[in-house]
Every structure is written in structure tokens, then in C-alpha cells.
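All figures in this text were calculated on a predicted structure; none of them were measured in a lab. Numbering of ligands and ligand atoms starts at 1, following listing order.
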Amino acid sequence: MRALQTLRGPLGICAVIMLALLLSTAVLAPLLWGDAAEATNTSDLNAPPSAEHPVGTDALGRDLLLRTLVATRLTIVLALGATGIALVIGVVLGAAPLLLGRRLGRIVIAAVNIAVAFPGILLALFMSVILGVGEFAAMWAIGIAGAPSFARFCQTLIAGIVERDFVAAARTAGQGRVRILIRHVLPNIAEPLIVNATIAAGSALLTFAGLSFLGLGVQAPAYDWGRLMMEGLSRIYLNPLAALAPGIAVVLAGLAFTLSGEVLAKAYAVETLPGAVSGARGRMRRLRESRAHARSAAAPGDGSDVVLEVRNLRVSLPGAHGAVSAVRGVSLTLGAGDAVGIVGESGSGKSLTALAIAQLLEEPLRVEADTIRFHGVELTEPDRTVGAKRTRRRLLGASLAMVFQDPMTSFNPTIRMGTQLAEVSRFHGGMTWKQAREQATARLGSVRIPSPEQRARQYPHEFSGGMRQRAMIAMGLMAQPTVVIADEPTTALDVTVQKQVLDLLTAMRRENGVAVLLISHDVAVVRQVTDRIVVMYAGRIVEEVSSDDLADAARHPYTRALIAAVPDMTTDRDAPLATIPGRPVGPADVPAGCAYAARCPFASARCRQDDPALAPAADSADPRHRVACWHPVTSAADVERAEAPVPTAALPITAAGERRS
Ligand code: SF4
């Protein structure tokens with residue numbers, strides 16, 4: 001609505017009127033006056049302006065006003081053609097990093113940046129000399145000359161879109177790069193591109209007039225405004241209007257395009273104001289319910305049928321002094337129907353682990369592993385053939401689903417919900433659109449979205465935050481996956497919706513036998529839906545323990561601190577909330593020895609020297625319980641010490657003299 005108001009403003013009205021006049025002249029003038037503009041009159045050659053010929057006549061006695069009006073069509077068509085060429089080439093070049101990968105894409109973008117440094121008119125002249133004279137050669141010359149600036153603009157727009165979760169989800173679903181570009185990226189950059197193209201059309205018009213004026217553009221007997229200006233210039237002192245009339249037409253048409261572009265840009269900016277986007281995140285709260293409820297609701301698999309096996313996964317990223325390790329030797333196994341949680345503070349490497357498993361990390365991040373085996377297919381082996389690549393893509397797309405933290409960025413805002421869900425079945429199930437849409441509606445209903453038929457016809461912004469998250473899970477289930485990786489799926493949701501999403505994950509396991517890998521910083525949330533919990537710190541696993549036994553059996557001081565940091569119904573409200581002193585270690589600052597030593601109340605000289613290996617926990621009844629600690633917490637006194645609240649005054653002082661929290 002606010003965009004409409006912008007169009008109704010004085011500038012908008014002016015732009016609309018000018019553009020309407022220009023386009024109607026382009027359409028009607030050749031029909032109404034085409035023959036009259038070609039009619040020669042030997043008795044009235046080079047006549048000055050008069051009542052009969054307001055702008056005079058040319059050397060063959062043809063009326064110059066009519067010729068100027070008739071030339072509108074060719075001038076506009078050629079300018080729009082040149083803009084279209086610039087737009088298409090620019091989009092292809094700007095999408096190079098997406099289509100060709102970062103390395104090749106960077107080379108293309110470097111070449112584009114060099115081309116942008118040349119003034120457009122010089123580039124157009126240069127291309128025109130290469131391509132030869134004539135209107136079509138000039139159109140291509142101007143189009144090619146305009147492409148670099150479009151390419152740079154597109155590259156910036158595309159870079160902002162490819163980071164969004166719905167593009168990652170499309171990748172996980174096995175969609176190819178061209179399809180992602182056409183289906184998910186271009187619709188989201190269409191508006192600013194059109195605005196830019198409208199403004200560029202004005203510039204193309206001026207450049208075309210310039211080339212025709214120089215004799216490089218339109219050739220006789222055809223004529224555009226530039227050619228009319230060139231012909232009128234020879235009599236500028238006798239009849240200045242002969243050159244001025246097409247010149248004024250060029251200025252007015254350029255102004256019409258530029259004004260329209262400006263108004264569109266303003267309207268577009270109004271539409272995309274942050275406040276105009278619905279679905280603001282709800283405030284994060286913690287949910288803590290009894291473990292008994294989660295245990296009775298869950299139906300874990302027996303773990304005998306391994307669907308995912310990860311051994312010694314490493315992820316590194318470039319740092320100031322060489323590569324730094326963000327994930328250090330993570331190993332985990334997921335059986336059919338299993339539910340494993342990965343917990344840890346921000347920067348612990350849990351999300352990177354999930355993205356590496358889903359094959360969603362790209363350069364400059366480097367992923368290495370002894371094995372990442374998904375349904376028996378080794379994902380660490382390079383795709384040597386197109387067939388192998390396709391098979392792997394199909395396997396991941398059909399059997400692995402990702403649920404991201406922010407459902408607003410997980411959906412393509414320009415496509416209806418039902419269509420987005422149906423695409424998965426179309427792509428992987430080979431269904432017709434009708435069947436896929438029916439399944440999409442059924443899936444929306446199965447995740448307890450009311451009026452699913454109506455909701456399927458709506459866009460993502462028309463869904464509430466909780467509904468979007470459930471729709472994301474429904475989309476994950478469209479291809480009937482065997483593994484769902486949920487990365488902080490409840491972080492942005494309020495308590496009620498959080499519970500609905502967790503119940504849904506539990507129901508998925510029970511009803512579909514889907515294995516769940518749940519990533520969260522919230523131990524309480526993870527405990528409700530998982531069988532085992534993997535605790536990560538500074539990029540490595542420091543403990544793996546049964547969810548049921550977490551509170552009683554956790555041995556690592558960091559795990560104990562995480563448990564203590566979540567208040568429950570028995571927490572003393574008068575006592576200070578437990579906190580973990582200090583800050584998590586960044587990938588570039590991992591010290592020698594145990595990375596947790598600086599924050600650990602049990603740290604010894606040995607801890608600061610040697611990093612403990614992840615080994616079976618001594619005296620644990622659970623053979624799968626593993627812990628990496630030289631002094632695991634075993635006695636009640638140790639538990640109390642590990643979970644004791646840290647008074648602010650006791651927090652260590654940073655190098656900058658600030659008290660850490
Ligand atoms: S190894 Fe030492 S510093 Fe590390 S968690 Fe165990 S006791 Fe603490």
C-alpha cells in the first residue's frame with residue numbers, strides 16, 4: 001500500500017504520465033503518421049518552421065515533427081533491446097560464483113570489475129567499431145558495454161540471497177545450480193533488477209542517440225532520434241529546431257525512464273522496509289519438562305541399522321596465520337530411528353558439524369573426514385562422474401532433510417507455501433503437480449497447521465513464526481527422509497510453539513522411523529527428544545552420554561556447567577543464576593592441553609599440557625558413555641563444585657581489564 005502511495009505522489013504521477021505518453025507515441029505514431037513522415041515534397045525542401053511544418057522539413061521536404069514522432073518506436077525498441085542484452089549477460093556473469101563455484105566465479109568477477117572501470121560510452125564505441133555499423137550492431141555494442149555494471153549489481157544481490165537458508169535447503173534437496181538460480185535466486189532479485197534496468201534504459205537511449213549521431217548506429221533509410229539530430233546538425237544555423245526537436249525527445253524519453261526507475265526504486269524500498277516484513281521472531285524462552293514425558297513419547301530405534309556414520313570429521317577455515325580448525329575430529333553414528341543431540345555454546349562447532357555432514361559447506365571452509373557414510377554411500381569421495389554426482393545428490397535430497405533455525409529465511413518468499421513443498425515431491429518423487437500439491441496439503445495438515453488447503457495457497461510471510469517452523473518440518477518430510485538434521489529449530493519460538501515442534505520431531509521418529517540429529521545450545525530442549533547427547537566444546541566432542549542419564553551420569557565439568565546453567569522448578573530463586581565463567585574458545589585461540597582449562601574449576605597442570613582423548617567413562621554402566629577429561633566429575637562434592645554459580649566478582653579478568661561473563 002505504501003508503495004502505491006509513492007506512485008500516487010507528484011513524482012510518481014509525473015513519471016507515469018511521461019512513460020505512458022512515450023510508449024503510446026512509440027506504438028501509435030508509426031501507425032498514424034508513418035506514411036506522412038515518408039512523403040517527400042520537392043516544392044518544400046529544407047523549409048523553416050511554419051504552421052504547416054512546426055519543425056520544418058528536411059532535404060527531401062519530409063515533415064520533421066512527424067519524423068521525430070515516428071522515430072520514437074525504433075529508438076525505444078533499440079534502447080530496450082540493448083538494455084535487455086545488458087541485463088541477460090549481466091545476470092549470467094553476476095551469477096558466475098553460484099554457477100561455476102567460488103574459484104572460477106572469482107576470476108569472472110575480477111574480469112567484470114576491470115570492465116566496470118572503463119566508461120560505458122567508450123566501451124560502447126569500442127564494441128561498435130568491432131561489430132560494425134548498423135542498428136543491430138549498435139544495439140549489441142551498447143548491450144555488451146552495459147553488461148559489466150549489471151553483472152556487479154547482480155553479484156552483490158545474489159551474494160545476499162545464496163546465504164539464505166532456503167537456498168541451502170534447495171541444495172540439500174539436490175537441486176542443481178541452474179535450477180536454484182532460476183527458481184530461488186532470480187525471483188528474489190527481480191525487483192531491484194527491474195528498477196536498475198529501467199534507469200539503465202534511459203542511459204542506453206542516450207548512448208544510442210550518440211552512436212547514431214556519429215553515424216555508427218541507425219543507417220538510412222531507417223531513422224531514429226540520433227540520426228535525425230545528425231541530419232539536422234548540418235542546418236543548425238538555418239533551422240535549429242531540426243536538430244533540437246529530436247534532441248528534446250531524447251532528453252524527455254531519458255527523463256521518463258530515469259524518473260520511472262527512481263519512483264520504482266522508492267516504492268521498492270518502502271515495500272522492503274524491515275517493519276513491512278511480518279513474522280518477527282518471538283522472544284526466546286526455555287522449556288523444561290519432565291524427562292519421563294519425553295521418554296514415554298519417544299520411540300527410539302534400536303540403532304542396529306546405521307544410516308549415518310561420521311569418523312574424524314574436521315572443518316578448517318582460513319585465519320590470519322594459516323588455517324584454523326573449527327571442528328576437530330568429530331565422530332558419531334546415527335541408527336534408523338535414533339535421536340542424537342549436539343549441544344554446546346555458540347562457536348563450539350555444532351552447526352558446522354551438521355552443515356559438513358549435509359555437504360553444505362563450501363570454500364573457503366575445508367571439510368575432511370576419515371568417513372562420512374550415508375546409507376552406505378561414502379560422501380568424502382570426490383564425484384568423478386556426472387552420474388555419481390547425480391546419484392549422491394538424489395540420495396541426499398531424498399533421504400536427508402535440514403530444518404534451519406530461522407524459518408523466515410528458510411522459505412523462498414516469492415513462492416506459495418504449497419508450491420514450495422510440492423516441488424520436493426515433484427523433484428524427488430516424480431509426481432505430477434496435482435499429486436504433489438495434494439501431498440503438500442496433507443503434510444501441512446500432518447504438522448498440525450490449521451486449514452492446510454488455504455494455507456498452501458499463502459506465502460511464507462502470511463504464516464506465523466511457529467507455523468513456518470512446522471511447515472519447514474513438513475517440507476523436510478515431503479521426500480520421506482530417513483534422517484532429519486534440525487539446527488536450533490526452536491530457538492526463535494515461544495514456549496507453546498517450541499513444545500509443538502519438539503512433539504512433532506518425536507512423532508516423526510515414532511511414526512516414520514526417522515533418525516533425528518538435533519542441534520541446540522539448550523540442554524533441556526535436547527534432552528526431551530533425544531536418546532544420546534553429544535557435548536561439543538572448541539570444535540571437539542568432550543562427552544557423549546545417554547539423555548536419560550545426563551543429570552546423574554555426566555562427568556565432564558563443561559557438561560555439568562551446561563546442565564547447571566538451565567534453571568528448573570527446583571532452582572533457588574534467591575540464589576544467583578549459575579553461569580559458566582569466561583568465554584568459549586575461538587577456533588584461532590585453542591590452547592595447548594584441554595581447551596576448557598581456563599574455565600574449569602578442576603584444571604591441573606596436566607590439563608594445560610595434554611589434551612585428554614575421548615574415552616569410555618570409567619565406572620559407567622553405559623558402554624557408550626565417553627568423556628574427554630583428566631579429572632572427571634564423580635563425587636557429589638565434585639558435582640556441587642562444577643555446578644556452583646560463579647559470582648560476578650570471581651569471574652576472570654580479560655587482557656583488556658574487563659570482567660568476563
Ligand atoms: S581435562 Fe582438566 S581442564 Fe579439561 S575439563 Fe577435565 S579437569 Fe577440566
Side-chain angles (χ1 to χ4, degrees), residues 312 314 324-332 341-350 353 521-523 526-527 532-547 549-566 578-647 650-655 659-661:
N312 195 18
R314 285 102 58 203
V324 294
S325 298
V327 175
R328 304 181 292 146
V330 165
S331 299
L332 53 89
I342 303 182
V343 297
E345 293 165 284
S346 299
S348 59
K350 53 190 190 307
T353 299
H521 61 277
D522 192 331
V523 182
V526 172
R527 281 169 69 182
R532 282 182 292 136
I533 291 182
V534 166
V535 183
M536 286 189 71
Y537 187 77
R540 64 168 298 201
I541 296 176
V542 294
E543 184 158 23
E544 181 174 351
V545 60
S546 151
S547 304
D549 300 333
L550 181 74
D552 301 328
R555 301 274 171 85
H556 198 281
Y558 179 60
T559 313
R560 301 270 19 146
L562 282 179
I563 296 168
V566 182
T579 54
I580 307 176
R583 288 190 183 139
V585 175
D589 307 315
V590 176
C594 173
Y596 189 59
R599 309 169 76 187
C600 179
F602 304 96
S604 65
R606 186 186 190 190
C607 300
R608 293 188 181 88
Q609 208 169 344
D610 300 323
D611 199 8
L614 188 66
D619 306 326
S620 174
D622 178 7
R624 299 173 81 182
H625 186 180
R626 300 181 296 161
V627 64
C629 180
W630 294 126
H631 312 294
V633 176
T634 49
S635 68
D638 283 351
V639 170
E640 204 170 307
R641 193 172 156 204
E643 297 186 357
V646 178
L651 295 178
I653 307 290
T654 64
R659 200 168 291 286
R660 285 175 171 164
S661 60

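Between Arg599 and Pro584, some side-chain heavy-atom pair lies under the 4.5 Å cut-off. Proximity of Ile342 to Leu332: side-chain heavy atoms (C-beta onward) are separated by under 4.5 Å at one or more points.
Below 4.0 Å from some heavy atom of His556 lie the following atoms of ligand 1, by number and element: 5 (S). Atoms of ligand 1 lying under 4.0 Å from at least one heavy atom of Ala603, given by number and element, are 3 (S). Residue-ligand proximity, Trp630 to ligand 1, at heavy-atom distances under 4.0 Å covers atoms 1 (S), 6 (Fe).
Of all protein heavy atoms, the one lying nearest to atom 4 (Fe) of ligand 1 is Cys594 SG, 2.3 Å. What sits closest to atom 8 (Fe) of ligand 1 on the protein, heavy atoms only, is Cys600 SG, 2.4 Å.
At a heavy-atom distance under 4.0 Å, no atom of Arg606 approaches ligand 1.
Tyr537 and Tyr596 have perpendicular rings, their planes meeting at more than 60° on a 0 to 90° scale where under 30° would count as parallel.
Here His631 does not reach atom 4 (Fe) of ligand 1: none of its N/O/S atoms is less than 2.8 Å from the metal. Counting backbone and side-chain atoms alike, Cys629 contributes no N/O/S atom closer than 2.8 Å to atom 2 (Fe) of ligand 1.
With Val542 as the partner, the side chain to side chain contact (heavy atoms under 4.5 Å, CB included) test is satisfied by one option alone out of Val535, Val534, Leu614, Val627: Val535.
Using a 4.0 Å cut-off between charged side-chain N and carboxylate O, Glu543 and Arg555 make no salt bridge.
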